[in-house]
Amino acid sequence: MNVTIVDYNSGNISSVINSFKEVAQDKVNIEVTSDLNKIKSSDKVVLPGQGSFKSCVDALNKINGLSDTLNEFAIINKKPLLGICVGLQMFADIGYEETETKGLGWISGKVAKIDNQNGKYKLPHIGWNQINIVKDSKIFNDVENNSHMYFVHSYEFIPNDRGVISATTDYSSNIVCSVEKENIFGTQFHPEKSDKMGLKIIDNFISL
Amino acid sequence: MLKNRIIPCLDVKNGRVVKGINFVDLKDAGDPVEQAKIYSDGGADEICFLDITASNENRDIIYDVVEKTSKKCFVPLTVGGGIRSVEDIKKLLNCGADKVSINTAAVENSNVVIDSSKKFGSQCIVVAIDAKKNGDKWEVFTHGGRKNSGIDALNYAKKMEQNGAGELLVTSMDRDGTQIGYDIDLMSKISSKVNIPVIASGGVGNLDHLVEGIKLGKASAVLAASIFHYGKHSIKDAKDYLDSKGIPVRI
C-alpha cells in the first residue's frame, strides 16, 4: 500500500513524515511528493498544512493541476484522505485568514478566527487539549474519549452540516477538531505531535 | 480544557546536554536524543533544545541532533540558540523542529520575526526574551545574556506579538540558575500585556515554583532544566504535584 503525503510547500511537514514512517515501518510505503501521477496512483493521501489558510491555498494552487488531482482522488474516486490542521481547514468553501480565500469546497462551511472573548482566551490555541468524540469515526478506533491532543491554531472550521463533526474540543467554545465525511477525514489537532494517541490515529488511518 | 504545559529544556553544546549556572560553569548531563526520548516517554508536553553557545561556534551538529530527536519523539520540539536568519529557521524546521526560539536576531532585526512568521506561520515562531531587572523595569539582553540592549522588556513583548510571534519564552536573567523561583512579577506583567501564550523560564528549584509560575505568573507553560535532568524530579512528579494544586495538566 502507498500513502502519499502531499508536499506542496505548506510549511514544515517533517514531523508528519516522521510520524507516518514511524507508524508504517516496513508495512506501508510512505511517499512524500507533489507529483500528480504518484498522488493519483496512491491508496491514501495525507494533506498537511501549516501557516495561514491563504498561504496554504496559494501554495496548493501554485502547483498546476494539484487541486484538480486531489479533487479527483477524494471526491470522484472517493479514496481516503486525511487533512491535518490547515489541511483540514481547506476542506471548507471559504477562509477568512489574512483575506477572504476560496477553499477546496469539499465540506461546506467556513474557517473563521476563534472568538477570544476580548482577550480572555489567548490565541493561538497552543498546547494539549482533550477531544470530545461526538461521532464514531474510523480514525478513533481504540482512541479513548477525552484523550489529549496537541493543538496550535487561531482559526476554526465551522461546517454547515454539524453531522460531519466527529470530535470537538473546548476552547472559548466547542471548537470542531475532527471531521469525517465518507472517505474524507480531518483533524484540527496534530496527530503527528500528539504522542501515542496521535500515532494511534495515524495508524487507524493507514489501516483503513 | 487546555492544559498547562511542562517543558523540560535541554541546553546543548557541541551536541551534548549541559546546564549552566547563570550561563557559566557548564556540566555534562548526557546525550540530547536519549534525554529527549526519556522526557517524552515520561509525559513531557514539549521538548526544548537551547543551543547555548551557538552564536560563537560551528553549530551544524545541532541539525543532526534535531533530526535524530524528531524521529524518536512525537511531541513538539522547539529549538533555539544562534538563529540569525529565515534561512536558519527553514533549516531547523526541515530537520524536524516544530518551533524555533529566536532571541538575539529578533532584537537586532525585527524582519526576522515578521518574515518568518509570514513564511512558516506564527505557530512555529517563539520569541525568547532574556530580561534583567534594572530599577523598576526589565531590560532585554541578547547574546546568551551577555549584552544589554537597553530595550524595555514589556514593550518589546508587545512588539514581538505584533510582529507575529506565536509564543514568548520569557527568562529572568536574575533568576536563571539560582533555583529560587521564577521572577513572578516579570512573568505576570508580560503575560497580562500580551494575548499570546507565555512560557516562564529561569529559576526553578522545586515543584512549588512551577505552581507559582502558572498561578501567579499567569504563564501558559513552564520551562525548567536542572530539576528534571539531574533526576531531582520526574516529569510525572511535576504533573502529579501540579494536579494536586488544582492546575490542569495532561496526565
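Residue numbers start from 1 in every chain, and the chains themselves are labelled A, B, ... in the order their sequence lines are given, proteins ahead of strands.
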Q: Just do the salt bridge (charged side-chain N to carboxylate O under 4.0 Å, His left out) check on B:E87 and B:K90 with the steps written out, would you?
A: CA-CA 5 Å; B:E87 198 48 43; B:K90 189 178 176 185; 5.0 Å; no

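Only the side chain of A:H125 comes within less than 4.5 Å of a heavy atom of chain B; its backbone N, CA, C and O stay farther away. Neither the backbone nor the side chain of B:C124 comes within less than 4.5 Å of any heavy atom in chain A. At a 4.5 Å heavy-atom cutoff, the contact between B:R250 and chain A is made by backbone and side-chain atoms alike. Proximity to chain B is limited to the backbone of A:E192, based on heavy atoms less than 4.5 angstrom apart. Heavy atoms of A:S19 lying under 4.5 Å from chain B belong to its backbone as well as its side chain.
Ring centroids of A:F53 and A:Y155 are separated by 6.0 Å or more, keeping the two rings apart. Aromatic ring centroids of A:Y150 and A:F189 lie 6.0 Å or more apart.
Chosen from A:I126, A:T169, A:D170, the residue pairing most often with chain B at heavy-atom distances under 4.5 Å is A:I126. The greatest number of non-hydrogen atom pairs below 4.5 Å with chain A, out of B:D41, B:N94, B:L93, is found for B:L93. Listed options B:G96, B:G121, B:S40, B:P197 were ranked by heavy-atom pairs under 4.5 angstrom with chain A; first place goes to B:P197. Ranking A:V152, A:D195, A:L199 against chain B, the residue ahead of the rest is A:D195, based on heavy-atom pairs under 4.5 Å. Put simply, of B:S191, B:S220, B:C95, B:A221, the one with the most heavy-atom pairs under 4.5 Å next to chain A is B:S191. Note on B:N4, B:V194, B:D45: by heavy-atom pairs under 4.5 Å with chain A, the leading option is B:D45.
Side-chain contact between A:S178 and A:F140 is present, with heavy atoms from C-beta onward closer than 4.5 Å. Residues B:T104 and B:I83 form no side-chain contact, since every pair of their non-hydrogen atoms from C-beta on lies 4.5 Å or further apart.
Listed for the A:K110 side chain is no donor-acceptor partner under 3.5 Å among the backbone atoms of A:D93.
At least one cation-pi condition fails for A:K196 and B:F74: the charged atom is not both under 6.0 angstrom from the six-membered ring centre and inside a 45 degree cone around its axis.
The existence of a salt bridge linking A:E180 and A:K135 is excluded, since no basic side-chain nitrogen approaches an acidic carboxylate oxygen closer than 4.0 Å.
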